[in-house]
Novice: 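Starting off with a structure, shown below.
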Amino acid sequence: MQSTEYDAIVVGSGISGGWAAKELAEKGLRVLLLERGRNVEHVKDYVNATKGPWEYPHRGGRTRAMEEAYPVLKRDYPLNEKNLAFWVNDKESPYTEVKRFDWYRGYQVGGRSLMWGRQSYRHSDFDFEANAKEGVAVDWPIRYADIAPWYDKVEKHAGISGSREGMPQLPDGQFQPPMPLNCGEELVAGKLAKLYNGRRRIIPGRTANATQQLEGRNACQYRNACWLGCPYGAYFSTQSSTLPAAAKTGRMTLKPWSIVSEVLYDKDRKRATGVRVLDAVSNQTTDYKAKIVFLCASTLNSTWLLMRSATDVWPGGLGSSSGELGHNLMDHHFRIGAEGTLEGLDDKYYYGRRPTGFYIPRYRNLFGDKRDYLRGFGYQGSAGREGWSRAVAELGVGGAFKDQAAQPGAWTIGGTAFGEMLPNHENKVSLDTSRKDKWGLPVLKIDCATGENERRMRVDMAADMAEMLEQTGVKNVKTYDNQYFPGMGIHEMGTARMGRDPKTSVLNAHNQVWDAPNVFVTDGSCMTSAACVNPSLTYMALTARAADFAVNELNRRNL
């Protein structure tokens with residue numbers, strides 16, 4: 001019979017949960033890692049990782065039956081037959097949209113660490129100080145100096161490749177060698193640096209794809225099939241990195257198919273005592289006890305769990321005493337930018353299928369620049385050559401046509417902007433008790449929309465990219481806006497924010513729930529503002545930092 005008592009319980013096995021399990025187990029605690037979905041074993045369960053497009057029944061695309069079964073997933077690129085098993089079944093796990101919100105989830109061991117975009121950037125003090133300086137929401141309770149050593153730690157273990165640039169708005173890190181820009185990107189980057197005195201610059205995308213071997217992991221093979229699971233372990237995922245480290249200690253127990261339905265709370269001691277778990281297969285319920293609980297179930301699920309816990313003390317749930325639990329939901333707004341064609345490189349090509357592109361760090365509302373909106377945006381983009389598919393529309397015939405289609409086409413270059421979304425109390429989630437999921441549990445109701453600040457920012461997000469391309473000699477430049485709805489960035493953040501005051505925040509500076517100091521929340525729900533960079537690296541660093549603090553407090557008998 002397996003034990004029901006542990007030193008620490010970690011809920012969720014994605015990017016944050018994997019880090020929590022690793023850090024706590026390595027510090028000597030007996031850890032129970034709970035995952036609501038199935039187990040996915042490294043290499044063995046990456047069933048499509050080495051398939052060619054012709055080996056799929058629908059060449060990797062989607063069918064009408066898939067669109068019927070996945071009404072939310074079909075709204076964007078995640079719906080395809082290549083990695084469908086990694087995405088949540090919309091009908092088993094529904095949610096209620098007051099306004100359109102595209103919620104793309106991964107319920108399995110590893111969570112979305114198996115299919116994330118891997119772009120890894122540090123927040124700077126421009127980000128940590130912005131709320132306080134502008135009077136937006138509440139102040140972050142930490143500054144860059146508090147988290148910098150933890151960024152160092154997680155980057156070394158995760159294997160982040162990137163270039164050192166010395167830009168205060170995008171701090172450098174502990175990088176493996178970068179994946180170089182290709183010749184098309186180099187050409188534009190050189191011209192751009194001169195035009196804007198280095199203020200706007202193209203740098204290699206900083207990505208959690210190792211370019212050198214790490215312990216038990218090979219270097220990236222330039223296949224760009226990361227979202228199918230990487231059999232080489234070159235990209236950072238729970239499976240390739242944190243789970244083996246936690247397992248190596250002999251102190252970690254992994255339980256898949258375990259839906260945590262509430263955090264158990266002792267109102268006399270003002271501490272959590274453990275969690276209640278519903279077995280997703282047998283529907284049996286088991287209570288597990290622990291001295292500390294880490295909630296890493298992903299932004300909205302951790303908040304759902306808090307809302308269902310200690311309701312006899314706080315009707316709004318554990319952590320709701322401030323009135324902020326469930327509020328201030330954020331994402332990154334994007335799907336807007338510009339692209340064009342590059343001339344003069346017809347005799348050049350690029351190497352392999354690089355799993356990253358270029359990045360243009362934020363430059364708006366910094367260093368004296370002032371716009372009619374707050375915060376800013378960065379660009380992710382790439383240059384490349386068109387392939388044979390460009391010929392399909394022309395429906396040509398004959399040998400000459402086939403020969404031409406076999407040659408690479410024109411060079412193109414473009415960039416998509418990712419903009420910061422301001423925290424707003426009105427963007428919120430709540431429990432919808434009138435609707436239940438497959439297991440009879442109430443679902444989340446999501447009420448979130450972008451505002452005037454984001455609308456104004458989007459004007460620059462398209463126009464600036466077009467200006468940069470035109471100024472560097474790119475031809476046929478066109479802007480695009482493919483319409484954005486919250487959630488599409490798959491960077492949902494907020495709803496259990498950190499802060500300095502228990503009256504206005506859910507968590508303190510160490511990610512502890514003010515109302516229950518032995519409960520830590522270290523996934524995206526803890527974010528006080530969104531910055532404009534991809535957030536996962538910050539979740540890793542905050543988790544490692546909180547785990548260190550938790551173990552020290554446990555040893556001092558403060559928890």
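By convention here, the first residue in the shown sequence is residue 1.
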Novice: Taking the six-membered ring of Tyr107 as reference, does the NZ or CZ atom of Arg36 fall below 6.0 Å from its centre and within a 45° cone about the axis?
Specialist: yes
Novice: Please determine, by modelled atom types, if Thr341 and Asn476 share a side-chain donor-acceptor pair under 3.5 angstrom.
Specialist: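 Per modelled atom types, Thr341 and Asn476 side chains form a pair under 3.5 Å.
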Novice: Sequence neighbours excluded, which residues qualify as side-chain contact (heavy atoms from CB on, under 4.5 Å) partners of Lys99?
Specialist: Asp447, Ala449
Novice: Scan side-chain atoms only and decide if Thr299 and Glu492 contain a donor-acceptor pair under the 3.5 Å cut-off.
Specialist: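 Thr299 vs Glu492: no donor-acceptor pair found between side chains.
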Novice: Would you call the rings of Phe236 and Trp19 parallel, tilted or perpendicular if under 30° counts as parallel and over 60° as perpendicular?
Specialist: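 If you compare the ring of Phe236 with that of Trp19, the planes turn out parallel.
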Novice: Applying side-chain hydrogen bond (donor to acceptor under 3.5 Å, both in side chains), can you list everything that pairs with Asn534, at least two apart in sequence or on another chain?
Specialist: Gln380
Novice: Between Lys438 and Glu92, does at least one N-O distance fall below 4.0 Å, as a salt bridge requires?
Specialist: yes
Novice: When you check the gap from the basic side-chain N to the acidic O, do Lys51 and Glu81 get nearer than 4.0 Å?
Specialist: no
Novice: Is it the case that over 12 heavy atoms from other parts of the model lie below 6.0 angstrom from the CD atom of Glu215?
Specialist: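 12 or below, so no.
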Novice: Can you tell me if Tyr480 and Thr416 form a side-chain donor-acceptor pair at under 3.5 Å?
Specialist: yes
Novice: With sequence neighbours excluded, give me every ring pair (Phe, Tyr, Trp, His ring centres under 6.0 Å) pair touching residues 56-97.
Specialist: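 For residues 56-97: Tyr95-Trp103.
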Novice: Identify the residue among Ser298, Ser302, Ser16 that makes a side-chain hydrogen bond (donor to acceptor under 3.5 Å, both in side chains) with Asp523.
Specialist: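 That would be Ser302; it is the only one of Ser298, Ser302, Ser16 passing the side-chain hydrogen bond (donor to acceptor under 3.5 Å, both in side chains) with Asp523.
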Novice: Consider only side-chain N and O atoms of Arg122 and Tyr144, and report whether a donor and an acceptor are under 3.5 Å apart.
Specialist: yes
Novice: For the side chain of Arg112 and the backbone of Ile15, is there at least one donor-acceptor N/O pair under 3.5 Å apart?
Specialist: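 Checking the backbone N and O of Ile15 against the side chain of Arg112, no donor-acceptor pair under 3.5 Å is found.
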Novice: Once the angle between the rings of His332 and His491 is folded into 0 to 90°, is it parallel (under 30°), tilted (30 to 60°) or perpendicular (over 60°)?
Specialist: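 Aromatic pair His332/His491 classed perpendicular.
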Novice: Using modelled atom types and a 3.5 Å cut-off, is there a donor and acceptor pairing between side-chain atoms of Thr249 and backbone atoms of Ala246?
Specialist: yes
Novice: Before accepting this row, confirm whether a basic side-chain N of the pair Glu26/Lys153 lies closer than 4.0 Å to the acidic partner's carboxylate O.
Specialist: no
Novice: Indicate the ring-plane relationship of Tyr121 and Tyr359, choosing parallel, tilted or perpendicular according to the 30° and 60° boundaries.
Specialist: parallel
Novice: Determine whether the side chains of Glu185 and Ser382 contain a donor N or O and an acceptor N or O closer than 3.5 Å.
Specialist: no
Novice: So does Glu68 pair up with Lys91, basic N to acidic O under 4.0 Å?
Specialist: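 Looking at Lys91 together with Glu68, the answer is yes, because their closest N to O distance falls below 4.0 Å.
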Novice: Does a side-chain N-to-carboxylate-O contact under 4.0 Å join Asp45 and Arg38?
Specialist: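 Arg38 and Asp45: not salt-bridged.
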Novice: Do NZ/NE/NH1/NH2 and the carboxylate oxygens of Arg75 and Asp90 come within less than 4.0 Å?
Specialist: no
Novice: Test side-chain hydrogen bond (donor to acceptor under 3.5 Å, both in side chains) on Thr450 and His333; report intermediate values, then the result.
Specialist: CA-CA 8 Å; Thr450 50; His333 61 109; over 6 Å; no
Novice: Dump the intermediate steps for side-chain hydrogen bond (donor to acceptor under 3.5 Å, both in side chains) on Thr303 and Thr495, then the final yes or no.
Specialist: CA-CA 7 Å; Thr303 294; Thr495 67; 2.7 Å; yes
Novice: Looking just at side-chain N and O atoms, do Tyr363 and Asp464 make a donor-acceptor pair shorter than 3.5 Å?
Specialist: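 Yes, because at least one side-chain N or O of Tyr363 sits under 3.5 Å from a partner of the opposite role on Asp464.
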Novice: Looking at Lys255 and Asp279, is there a salt bridge between them, counting it only when a charged N and a carboxylate O are closer than 4.0 Å?
Specialist: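 Result for this pair is no, no salt bridge flagged.
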Novice: So, the side chain of Gln169 versus the backbone of Arg362: is there a donor-acceptor pair under 3.5 Å, distance only?
Specialist: yes
Novice: Working note: Arg206 + Glu155, criterion salt bridge (Lys or Arg N to Asp or Glu O under 4.0 Å); need CA distance, chi angles, decisive distance, verdict.
Specialist: CA-CA 11 Å; Arg206 295 175 179 175; Glu155 282 165 345; over 6 Å; no
Novice: Are the side chain of Asn48 and the backbone N or O of Lys82 linked by a donor-acceptor pair below 3.5 Å?
Specialist: yes
